[in-house]
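Take a look at the structure set out below.
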Protein chains: 2
Amino acid sequence: MGLIPNLLHMNPRKPSGIKEIARLAKVSIGTVDRVLHNRKGVAASTRARVLRIIEQTGYTKNITASRLKLASTHRIRIAILIPEISEPWSYWRLQQNGIEKAAAELKELGVTVAYFYFDVNKPADFRKKWQKIRTADFQAVVTVPFLKKAVTQLLEEAEVHHVQVVFLDTERPLLGKACFIRQNSYDAGRVAGRLLYGLVGEQGHYLVVNLLRDAKIQINCQQREEGFRSFFKENAPHLLPQLHTLNHPLNTDELLAGVLEPFVKPERPLGIFVSSARAFMVAGALRHFPHSKTFLAGFDLNQQNIACLKKGEIHFIIHQKPEYQGYTAVKSIYNHLVHEEAPAVKVDIPIEIIVKENLPSYIHREWA
Amino acid sequence: MGLIPNLLHMNPRKPSGIKEIARLAKVSIGTVDRVLHNRKGVAASTRARVLRIIEQTGYTKNITASRLKLASTHRIRIAILIPEISEPWSYWRLQQNGIEKAAAELKELGVTVAYFYFDVNKPADFRKKWQKIRTADFQAVVTVPFLKKAVTQLLEEAEVHHVQVVFLDTERPLLGKACFIRQNSYDAGRVAGRLLYGLVGEQGHYLVVNLLRDAKIQINCQQREEGFRSFFKENAPHLLPQLHTLNHPLNTDELLAGVLEPFVKPERPLGIFVSSARAFMVAGALRHFPHSKTFLAGFDLNQQNIACLKKGEIHFIIHQKPEYQGYTAVKSIYNHLVHEEAPAVKVDIPIEIIVKENLPSYIHREWA
DNA sequence: TTTTTGAGTGTTAACGTTCACGGCGTGAAT
DNA sequence: ATTCACGCCGTGAACGTTAACACTCAAAAA
């Protein structure tokens with residue numbers, strides 16, 4: 001340890017980075033810095049010379065050093081504008097966990113995130129919170145595209161104020177060049193079609209169950225159903241007469257089991273695609289028909305779905321990786337702001353298929 | 001931009017980090033540094049006082065600043081000891097792509113990786129390359145546990161020389177506390193069992209195809225078969241008589257189609273599980289039996305398998321995410337060496353299921 | 001002619017961490 | 001009494017980047 005003299009200190013390494021560029025271009029580091037940041041105050045000839053050296057040496061700036069310097073003065077501020085988190089295991093809580101993990105990693109690089117929660121039923125609340133964000137110079141905002149008109153306004157104002165917008169979990173055809181982190185719902189529906197068709201086969205019937213909140217269907221669920229139907233249209237069009245849809249309001253008095261009864265026949269297999277995260281409710285209702293040959297596919301690894309998967313009551317779950325979405329949103333924004341040549345944030349979350357047997361490899365592990 | 005005076009420069013922020021600790025403990029930053037690095041030369045009372053302050057303030061060192069300083073003197077050197085890469089699309093090439101991506105990200109933090117390739121058929125070559133690594137002070141080595149005896153020796157010597165070892169793609173029961181990045185082959189086989197059973201059902205027959213290189217079965221393939229069989233043992237033991245194994249040497253003169261023929265009967269469905277990355281070969285052979293009801297599952301998203309998946313000749317692919325494995329190996333080593341409290345590297349790659357419909361979400365996307 | 005401007009430069013002090021070096025003391029050896 | 005050793009601690013120069021500030025000339029304004 002102490003026996004070997006420290007050779008590195010005897011022959012100092014030749015400087016790399018901006019200092020080396022300055023030496024080669026016969027200017028000071030100040031000038032190189034001005035060129036790199038496109039600041040004025042550099043003669044055209046000097047600028048060209050410096051740029052040539054930068055080109056030739058393939059210089060890239062040391063982001064570690066840059067962020068170390070900037071962390072104290074020019075922080076990167078990201079606003080998170082998401083629906084109020086009611087249940088402790090809600091989808092947005094998971095997204096937020098991912099966001100917080102990213103924030104922790106980026107903290108010492110001068111990145112801060114601030115949360116703003118809005119009431120999904122009140123567009124005015126969304127607008128109000130956005131105005132707070134807009135007037136508080138954030139570089140970026142991560143939000144959801146639920147409230148169509150309010151979001152359109154947000155996009156326009158964000159463009160004017162140079163605030164980067166990233167949508168989580170969006171499906172709405174996005175105006176302009178908005179960024180997003182989402183899973184393709186249409187394709188996810190197609191995957192569910194493939195999986196249930198494989199299990200149920202030609203002799204069976206099929207049912208799409210949309211569980212409605214406030215009597216209206218979510219856009220995600222709608223697109224998933226379209227994808228599901230498109231699979232059959234392309235691969236087994238003769239089965240379309242056997243493919244039905246059940247829209248069932250969650251806040252109804254009717255029991256789900258009762259509504260399902262006409263579809264469940266002991267003599268023929270039934271494939272049920274639940275377009276939302278509540279497949280476990282359908283699984284519960286199906287316990288009234290113990291001798292039916294029913295196969296169930298749905299979304300999201302919440303605790304109830306996991307339990308049903310383990311018991312064999314749900315056969316396939318499609319995972320949306322909410323934590324990963326949140327994590328990726330923040331990380332991508334950072335990368336985009338820091339490496340200027342980095343592409344805009346457009347991430348398609350893979351459509352991951354969970355069955356009973358690969359569940360452990362998903363829940364016993366870090367998700368990032 | 002220039003209109004607002006820079007307030008941050010007028011009221012300087014109170015220092016954070018080591019300086020603040022020093023101020024509170026009424027010592028210099030040198031002493032704090034000595035305490036943080038457990039170096040001698042600090043009075044016991046002073047050390048206790050500093051440690052108390054560190055505890056109270058919840059100080060954590062700024063790794064950005066630390067690496068900036070250390071990058072020039074104490075680089076983190078990682079050796080990669082993997083089989084020679086023959087084919088351009090080989091599995092190890094993909095792993096190496098992931099490694100290189102991680103290396104690029106960590107370059108400015110003073111991390112360097114060096115590659116050593118060995119001939120998988122020559123344990124002596126493996127040993128020779130390892131000796132080169134051992135004598136060249138690397139902090140860590142990423143390798144594969146193929147050659148049992150040579151690897152045991154490596155592990156012992158690495159422990160003595162404080163070289164961290166991380167195995168890629170391992171299944172061998174690992175001696176001691178070795179680290180790994182792998183997919184659980186047994187569980188992957190079980191997943192394949194679930195998927196094929198779902199498609200083929202009770203009336204079908206099942207076949208495990210092990211494609212042998214040099215007449216011997218790879219340990220991965222063996223464990224996958226065990227997992228596959230265990231699924232049927234648990235879920236459909238009555239089908240075990242209908243479950244056969246075919247070990248087929250790749251360098252034989254016999255045609256695969258000929259060997260498969262006795263198993264393929266037009267009247268009954270057949271589920272084939274190929275335990276390696278060459279399911280496309282079985283798919284090719286099956287083209288001789290166009291009217292058979294055959295279902296095929298295998299591993300890895302190589303180009304031939306992808307083509308078969310798109311054509312519907314292969315029904316399920318299990319993805320091992322080789323690029324992600326390589327990336328994770330290097331990143332995890334870095335995190336472990338840099339955050340001393342970080343856990344040892346033990347990563348289970350999730351068993352990801354690919355069908356025709358979710359393939360696009362896997363191949364049109366960054367894997368990290 | 002002298003002063004003033006300002007465009008084009010160089011200089012320097014940070015950001016938080018690291019570590020060699022040197023400078024105090026106190027106690028032991030000469 | 002003078003030297004030497006050594007435990008304990010502070011100082012300062014880096015790492016590469018940033019940006020305010022200071023300086024130097026020219027040409028334009030007085």
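Remember, it's a predicted structure, so these values are computed and weren't measured experimentally. Below, read A as the first sequence line, B as the second, and so on, with proteins coming before strands; counting in each chain starts at 1. We use all heavy atoms of the structure for the numbers below, so side chains are in, but hydrogens, waters and symmetry mates are not.
- A/Leu68 comes within contact range of at least one nucleobase, with a heavy-atom separation under 4.0 Å.
- Protein atom CZ of A/Arg75 is 16 Å distant from nucleotide atom C1' of D/dT18, rounded to whole Å.
- OP1 and OP2 of C/dC15 both lie 4.0 Å or more from every side-chain N or O belonging to A/His74.
- Of the listed nucleotides (C/dG16, D/dT17, C/dT9), C/dG16 has the atom at the smallest distance from the side chain of B/Ala65.
- Here the P atom of nucleotide C/dG16 and the CD atom of A/Glu108 are 11 Å apart, to the nearest Å.
- For the atom pair A/Ile53 CD1 and A/Tyr59 OH, the distance stands at 14.0 Å (nearest 0.5 Å).
- For the OP1/OP2 pair of C/dC15 and a distance below 4.0 Å, the side-chain nitrogens and oxygens of A/Arg67 include no atom meeting the criterion.
- A close approach under 4.0 Å does occur between a side-chain nitrogen or oxygen of A/His37 and OP1 or OP2 of D/dT18.
- Between atom CD1 of residue A/Ile76 and atom CG of residue A/Leu106 there is a gap of 8.0 Å, rounded to the nearest 0.5 Å.
- Here C/dA20 presents its C1' atom at 14 Å from CG of B/Leu70, a figure rounded to the nearest Å.
- The phosphate of D/dC8 (OP1 or OP2) has no side-chain N or O of B/Thr46 nearer than 4.0 angstrom.
- When the C1' atom of C/dC19 is taken as reference, atom CD1 of B/Ile18 falls 11 Å away, rounded to whole Å.
- Contacts between residues 28-35 of chain A and DNA chain C, defined by a heavy-atom separation below 4.0 Å, involve A/Ser28, A/Ile29, A/Gly30, A/Thr31, A/Arg34, listed by number.
- None of A/Val142, A/Leu337, A/Val163, A/Val166 except one satisfies the side-chain contact (heavy atoms from CB on, under 4.5 Å) rule with A/Ile78; the exception is A/Val142.
- The shortest distance between the side-chain N/O atoms of A/Lys69 and the OP1/OP2 oxygens of C/dA13 is not below 4.0 Å.
- OP1 or OP2 of D/dC15 lies within a sub-4.0 Å distance of a side-chain N or O belonging to A/Lys19.
- A/Glu157 has a carboxylate O that lies under 4.0 Å from a charged side-chain N of A/Arg134, or vice versa, which qualifies the two as a salt bridge.
- Crowding of A/Glu159 atom CD: a count of heavy atoms from other residues, nucleotides or ligands under 6.0 Å not exceeding 12.
- Partner of A/Asp33 under the salt bridge (Lys or Arg N to Asp or Glu O under 4.0 Å) criterion, chosen from A/Arg39, A/Lys19, A/Lys61: A/Arg39.
- Between B/Phe118 and B/Phe126, a ring centre-to-centre spacing shorter than 6.0 Å is recorded.
- Across the protein-nucleic acid pair, B/Tyr59 atom OH and C/dG16 atom P stand 10 Å apart, rounded to whole Å.
- A sub-4.0 Å separation between OP1 or OP2 of C/dT18 and a side-chain N or O of B/Lys61 is present.
- The distance between atom CZ of A/Arg23 and atom C1' of C/dT9, rounded to the nearest whole Å, is 20 Å.
- The separation between B/Leu109 atom CG and D/dG16 atom P is 13 Å, rounded to whole Å.
- For A/Arg49 and C/dT9, the CZ to C1' distance is 11 Å, given to the nearest whole Å.
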